[in-house]
Amino acid sequence: DSGVTQTPKHLITATGQRVTLRCSPRSGDLSVYWYQQSLDQGLQFLIQYYNGEERAKGNILERFSAQQFPDLHSELNLSSLELGDSALYFCASSVAGAGRINEQFFGPGTRLTVL
Amino acid sequence: DAKTTQPPSMDCAEGRAANLPCNHSTISGNEYVYWYRQIHSQGPQYIIHGLKNNETNEMASLIITEDRKSSTLILPHATLRDTAVYYCIVRGAGGTSYGKLTFGQGTILTVHP
């Protein structure tokens with residue numbers, strides 16, 4: 001158990017819909033990261049937040065957005081869903097500080113299926 | 001970030017040491033080598049990282065060559081539960097995009113009885 005929790009575990013929805021994925025980082029971790037893993041693209045970084053502020057962006061679509069709240073939990077919002085958005089979405093967290101910022105602890109993931 | 005090259009797959013007998021190589025010939029002086037693994041559809045798991053010295057923890061050892069152009073992750077006594085995809089990642093510890101891990105294809109390690 002990494003200490004990172006994600007809900008829901010599974011999500012099945014239809015094209016065009018909007019969903020929200022939730023992540024609670026490990027106690028004390030200020031950085032939260034979101035990754036997408038699909039069969040054809042592998043594991044890809046989407047976005048990073050640090051103490052409520054966006055820090056880095058990766059291959060995140062404009063239809064996707066995220067935020068980190070004052071209690072440090074984070075939400076990833078996916079809208080106008082397409083079949084290709086079906087994937088595993090992972091959240092990770094880490095402590096601050098040089099060298100350890102890349103020592104990330106991943107949650108169990110949310111499996112999104114778009115029908 | 002420096003590009004890494006790993007063999008696509010490796011086999012190992014249970015109880016033996018698993019030695020997973022990684023080439024990172026373009027690594028720069030302030031970049032670390034990180035190893036993660038992913039057991040089928042679970043979240044990736046951090047294993048170990050190092051800068052230039054060899055490192056050991058309860059999971060594995062990391063051997064980095066003197067010129068830092070390659071490294072080897074060693075699982076000293078592999079078990080069936082070590083069957084996973086192993087990722088070697090080279091990253092700097094600072095800068096505007098620190099924390100953004102780039103996962104390649106990794107090495108599929110299969111431990112067999």
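All figures in this text were calculated on a predicted structure; none of them were measured in a lab. Lettering of chains follows the sequences in order, A, B, ..., and the numbering in each one begins at 1.
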Quick check on [X]: does its [atom1] atom have over 12 non-hydrogen neighbours (other residues, nucleotides or ligands) under 6.0 Å away?
X        : atom1 : value
A:Leu39  : CG    : no
B:His112 : NE2   : yes
A:Arg63  : CZ    : yes

Measure across [X] and [Y] and return the closest heavy-atom pair with its distance rounded to 0.1 Å.
X        : Y        : value
B:Tyr46  : A:Gln104 : CB-O, 3.7 Å
B:Tyr87  : A:Gln37  : OH-NE2, 4.1 Å
B:Ser41  : A:Leu88  : O-CD1, 3.9 Å
A:Glu103 : B:Tyr34  : N-CE2, 4.2 Å

Pairs in or reaching into residues 71-80 of chain B: which pass salt bridge (charged side-chain N to carboxylate O under 4.0 Å, His left out), with residues at least two apart or in two chains?
none
Applying the 4.5 Å side-chain criterion to the ILVMFWY set and letting contacts propagate, would A:Phe106 and A:Tyr49 be lumped into a single cluster?
no
Same cluster (ILVMFWY, side-chain, under 4.5 Å), A:Tyr33 and A:Leu21:
no
Output the distance between atom OH (A:Tyr35) and atom CG (B:Leu101), rounded to the nearest 0.5 Å.
3.5 Å
Which answer fits A:Gln6, side chain, backbone, both or neither, if we ask what part of it has an atom under 4.5 Å from a heavy atom of chain B?
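Neither part; nothing is under 4.5 Å.
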Name the region of B:Gln105, side chain, backbone, both or neither, that has any atom closer than 4.5 Å to a heavy atom of chain A.
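For B:Gln105, no heavy atom lies under 4.5 Å from chain A.
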